[in-house]
Novice: 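I'd like to ask some things about the structure below.
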Protein chains: 2
Amino acid sequence: MMEQEIHAQAEAAKAASYRLAVLRTDERNAALSAMADALTAHTDEILRENAADVAEAASAGTRASYLDRLRLDEERVAAMAEGLRLTAALPDPLGREDYSVRRPNGLEIRRMCVPLGVIGMIYEARPNVTADAIGLCLKSGNAVLLRGGSDALRSNRVIADTLSHAAYGAGIPQGAIQLLAMKDRAAVDVMTHLTGLLDVIIPRGGAGLIRRIVESSTVPVIETGAGVCHIYVDRAADTAMALRIVENAKVARPSVCNAAETLLVHESIAAEFLPQMATLLCADGVELRGCANTCRILPNIAAATEEDWSTEYGDLILSIRIVEDLDAAVTHINRYNTGHSETIVTNDIRAAHDFQQRVDASTVYVNASTRFTDGFEFGFGAEIGISTQKLHVRGPMGLDALTSTKYLVYGEGQIRGSVPAKK
Amino acid sequence: MMEQEIHAQAEAAKAASYRLAVLRTDERNAALSAMADALTAHTDEILRENAADVAEAASAGTRASYLDRLRLDEERVAAMAEGLRLTAALPDPLGREDYSVRRPNGLEIRRMCVPLGVIGMIYEARPNVTADAIGLCLKSGNAVLLRGGSDALRSNRVIADTLSHAAYGAGIPQGAIQLLAMKDRAAVDVMTHLTGLLDVIIPRGGAGLIRRIVESSTVPVIETGAGVCHIYVDRAADTAMALRIVENAKVARPSVCNAAETLLVHESIAAEFLPQMATLLCADGVELRGCANTCRILPNIAAATEEDWSTEYGDLILSIRIVEDLDAAVTHINRYNTGHSETIVTNDIRAAHDFQQRVDASTVYVNASTRFTDGFEFGFGAEIGISTQKLHVRGPMGLDALTSTKYLVYGEGQIRGSVPAKK
C-alpha cells in the first residue's frame, strides 16, 4: 500500500522529468520567483503548521537544540524565499557544451550538460531544506522526490504544497515535486530501491542514516557529510598562524562537518607549540585528548584511544598526535580521514606541495582553516551538500552536481564498417 | 580464508594507490612501454597457459563462439602489447585544472584531476581485457583489482604476472596490480563489499552479471553495456539513407551493445518504407517481429510481444513498431530504452532538434548509425566500457572516467567568521 503510493509518486516525478528537462532557462527562473512570492504570501500558514510540529516534538521531550533546528519564524521563512530568488539568479547549469569534436568521417559530436532526471533527497530536522532542495532541483531541470524528517512533516508538507502550487501555476510540469507524506521509516527503504525511477539519492543527516542508505540502496547514492578533518602543524609552520587556524577550525562552529577533529604536530615543535595551543583552547572550553607523547607535554589532558582518531566529535573536543615527520602525518590522515578537508600549516614550499599531492581528500589546504569547504565559500552560489566520495562529484556540490551529460551527434547518413556480404 | 585473501589483496592495492597517484607522467608511460615489451617477450608462455584454458573449456563442452573469445594467438598477444603502447601515447588525464577561482578573501582555489584510487574490474571470457584494464588503470594513476572469468584463469594469471613484474621493475609501486586467482564465484560478492578499499567497480559482461553486481554492491558501480537501441524513421526521412542506416545498425555486428534492436517508423511512410526494408533485411537473414500495424503491411512476419520492446537480442532479430508521430516515438524510446544510443533519420530540422532534446540516452544521433557509440569513434583513444547510467560518466568511457578531482586551496592564514567570544 505504502509501497504502491511511493511508486506512484516516483512514476509521476519521472513522467514530469522528461517535460521539465526541456523547459527554457527563463521558464524555470520565472517559476522560482513565483515560488518565492508564494512562500512569503503563505508565511502565516507555514508558521501555524510548524508550530504544531514544534509543539508535538516538545511534548515528546525533544531536546532544545533539536527544537531550534525544527522551528521556523518569519525571518527563516523570508530566508527560504530569498534563497529561491538567489537560486533563480544563478547561471543555468544546463545546455553548456563541455566537449566537441568533428571526426574524420564528418560526424559532429557535442557533449551537453543535461539534468540527472529525478533526484531523491532524504534529510532530517530542518524544514528549510525542503525549500532549498526543491529550488536547486528545479533550477537544474530535475524532478524531485523528498523524504524529510517525520518531526517536520506538517512543516514540510505545507512548504512543498505551497511551492508545488506556485510552480505548476508558473508552468513547471505537474508532478515534478513529490514529498513522501508518511511517517513510516520503511518509506526510506522503498525509496532506496526505486531503481530505474530515481537517478540518484542524496542523503543529508547523521552518519548512521547515511551509512544505512549507502549500504542498502540499489539507486546510486552520493555520500555526504562525514568530516574527520585534520590540521597538520609542520616544523616550518608560522605558529601564531597555526594557533589562529586551529582555534577557528575547532571552535567557530564545532557541530559542522568542516570543523577540525584532530591536530597533528611535528615533533620538533611540539614542546613549544602544544602548551600555547592548550592554553588558548582551554580558554575556549575545548577538551583535549592526546597521544602518549602529547600527554608527556600536556600532563593534564586525557589519553586518546584508537577510536578517537576516527571520531567526528561534532563538539568542543580535539584529539592531538605528535608525528615524526610529514610522511607520518600523511599516513595518519589517509588512514583515519573521511575524505573531507585537511590543512597543513607551513612556510616550506616542498612540504606544502607534498602534503597537497599526497593527502587523499576532497579539499587540501595550505595555511587556511578547514572551515572554508562549502559551496558558497567556493564560489558556487549554492550548496546541495559536501560529497565525501570520489565518483561523480567530490567536495562541495553546486548545481553542476545535479547534472549529467548527453552526446548529440549530427551525421549525414554515416554508417560504420561495411555490412557483411550477403549470404 | 578466501575473504581474508581478497581483503589482503585490496589492502595492498590501496597502499600502492597512494604512491602511484604521485608518479609523474613519464614514469607511468615508461612502465607501460616496459609492460608491452614484456608481453611480447613472454608470448610463448602466455600461449601455453591459454592453450590449457582452451583445452579445459573445450573438454567441458563449451561452444565454439565462446572458445574463440577465450583463445589467444600470436596476433592477439601482439595486439595487447600494441594496446599498451597506444595507451602510453595518450595524453595524461591527471593534473589538469578544470576550475579555479581567487575568492574575495584571497583564498586561491584550484580543482585538479586526480586518480580515483583503486578500481575493481569484473569481466568475463576475453583475456585481453586483463591487459587493457591494467594499462588504462595505471595510465590514469589507479591501482586495480581484477576478477576475470574463471575459464580464463590461467591466461589471466600469466598476463597479470608478466605485466606486474615488468611494471614493478619500471617503478610502479608493488601491489598496484592485483588479480583474484580463485575460481569461487563468491569472490565477486566479497569484492563488491570492499567499501573503503575499492573506489569503484566496473563490471563488463552479460546483463545478468551486471544486474547482480549493481543490486548487491556497496561499492559504487558504473553500470555498463546493456543496449536496447532504436532507430526512428521520421516522415521527413531520406528513405534510402534510412535503409542504409538500419541495415548497418542491425546487421554489421549484431552482438554488440550499440547495434539496433527496434525500428520505429512514422505511420505516413510505413506502407512504402517497410516492404523495402523487409526485402533488404530478409536478404541479410534478419528475423522481423512487428506490431499489429506492421504485420498488416508485412503479413509474413511474426508479431512482436510486449517483451520484445525491452529485449536486447544481440542477434539478427529486429522488432518494428509504427508510430503516429515523433511524440509517440520519443515516448516509446524513453519507456523501453536502456539509455544507450538512439537515432532519428529525418531532414526536418525541428524533428531532429526535438528528438535530440527529448530522448533520454547517452547518445542521440541525427542521420547516423547507432554503431558509432564507442570510445575510439568518439576520439578518446581508448575505451573502458560504455556507461548507461547518469552519475559520474555517461556514454563511452575514456581515461577521464577513471579520474576524480581534488580541491587544492592556498591561503595565507585565512580563518572563517570569528571565533566565539571567550566565555
Novice: Tell me, for A:Leu116 versus chain B, whether the close heavy atoms (under 4.5 Å) come from the side chain, the backbone, both or neither.
Specialist: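 Backbone plus side chain of A:Leu116, per the 4.5 Å heavy-atom cut-off to chain B.
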Novice: Could you tell me the separation between the CD1 atom of A:Ile109 and the OH atom of B:Tyr365, rounded to the nearest 0.5 Å?
Specialist: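 Here the interatomic distance stands at 6.5 Å.
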Novice: Looking at chain B, which one of A:Gln414, A:Met241, A:Glu223 has the largest number of heavy-atom pairs inside 4.5 Å, strictly under?
Specialist: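 Looking at each option in turn, the highest pair count goes to A:Gln414.
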Novice: Please confirm whether the ring centroid of A:Phe372 lies under 6.0 Å from the ring centroid of B:Tyr407.
Specialist: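 No, the ring centres sit 6.0 Å or more apart.
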Novice: May I ask you to test the B:Leu391-A:Leu391 pair for a side-chain heavy-atom distance under 4.5 Å?
Specialist: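 Not touching, per the 4.5 Å side-chain cut-off.
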Novice: With a 4.5 angstrom heavy-atom cut-off, could you sort out which part of B:Gln356 is near chain A: side chain, backbone, both or neither?
Specialist: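 Both backbone and side chain.
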Novice: Do B:Ile415 and A:Arg371 have side chains that approach each other closer than 4.5 Å (heavy atoms only, starting at C-beta)?
Specialist: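 Of all side-chain heavy-atom pairs linking A:Arg371 with B:Ile415, none is under 4.5 Å.
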Novice: Donor-acceptor check, side chain of B:Lys390 to backbone of A:Val114, threshold 3.5 angstrom: yes or no?
Specialist: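 Answer holds: no.
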Novice: At what distance, to the nearest 0.5 angstrom, does CD1 of B:Ile222 lie from NE2 of A:His392?
Specialist: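 It is 11.5 Å, given to the nearest 0.5 Å.
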Novice: Could you have a look at A:Val359, A:Thr403, A:Thr331 and say which one has the most heavy-atom pairs with chain B under 4.5 angstrom?
Specialist: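 Among the listed options, the one with the most contacts to chain B is A:Val359.
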Novice: Do B:Val214 and A:Thr218 pass the side-chain contact (heavy atoms from CB on, under 4.5 Å) test, and can you show the C-alpha distance, the side-chain angles, and the key distance before you say yes or no?
Specialist: CA-CA 7 Å; B:Val214 166; A:Thr218 57; 5.6 Å; no
Novice: If I take atom CG from residue A:Asp199 and atom CG from residue B:Asp360, how far apart are they, to the nearest 0.5 angstrom?
Specialist: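 Reported to 0.5 Å precision, the distance equals 7.0 Å.
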Novice: Can you pull out the residues in residues 338-345 of chain B with any heavy atom less than 4.5 Å from chain A?
Specialist: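 Under the 4.5 Å heavy-atom cut-off, nothing qualifies.
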Novice: Check whether any side-chain N or O of A:Lys406 sits under 3.5 Å from a backbone N or O of B:Gln357 as a donor-acceptor pair, and report yes or no.
Specialist: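 Yes: the side chain of A:Lys406 pairs with the backbone of B:Gln357.
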Novice: For chain B, find which of A:Asn334, A:Val330, A:Val393, A:Thr405 contributes the most heavy-atom pairs closer than 4.5 angstrom.
Specialist: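 The candidate making the most pairs under 4.5 Å is A:Asn334.
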Novice: Is there a side-chain contact between A:Thr195 and B:Arg211 in this structure, where contact means two heavy atoms from C-beta onward sitting under 4.5 Å apart?
Specialist: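 The answer is yes, as the side chains (C-beta and beyond) meet within the 4.5 Å cut-off.
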Novice: With heavy-atom distances below 4.5 Å as the criterion, would you say the side chains of B:Glu377 and A:Asn105 are in contact?
Specialist: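 A side-chain contact exists here, since the closest heavy-atom pair is under 4.5 Å.
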Novice: Quick one: which of A:Val101, A:Asn347, A:Asp374 has the most heavy-atom pairs under 4.5 Å with chain B, could you say?
Specialist: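 Highest number of heavy-atom pairs under 4.5 Å: A:Asp374.
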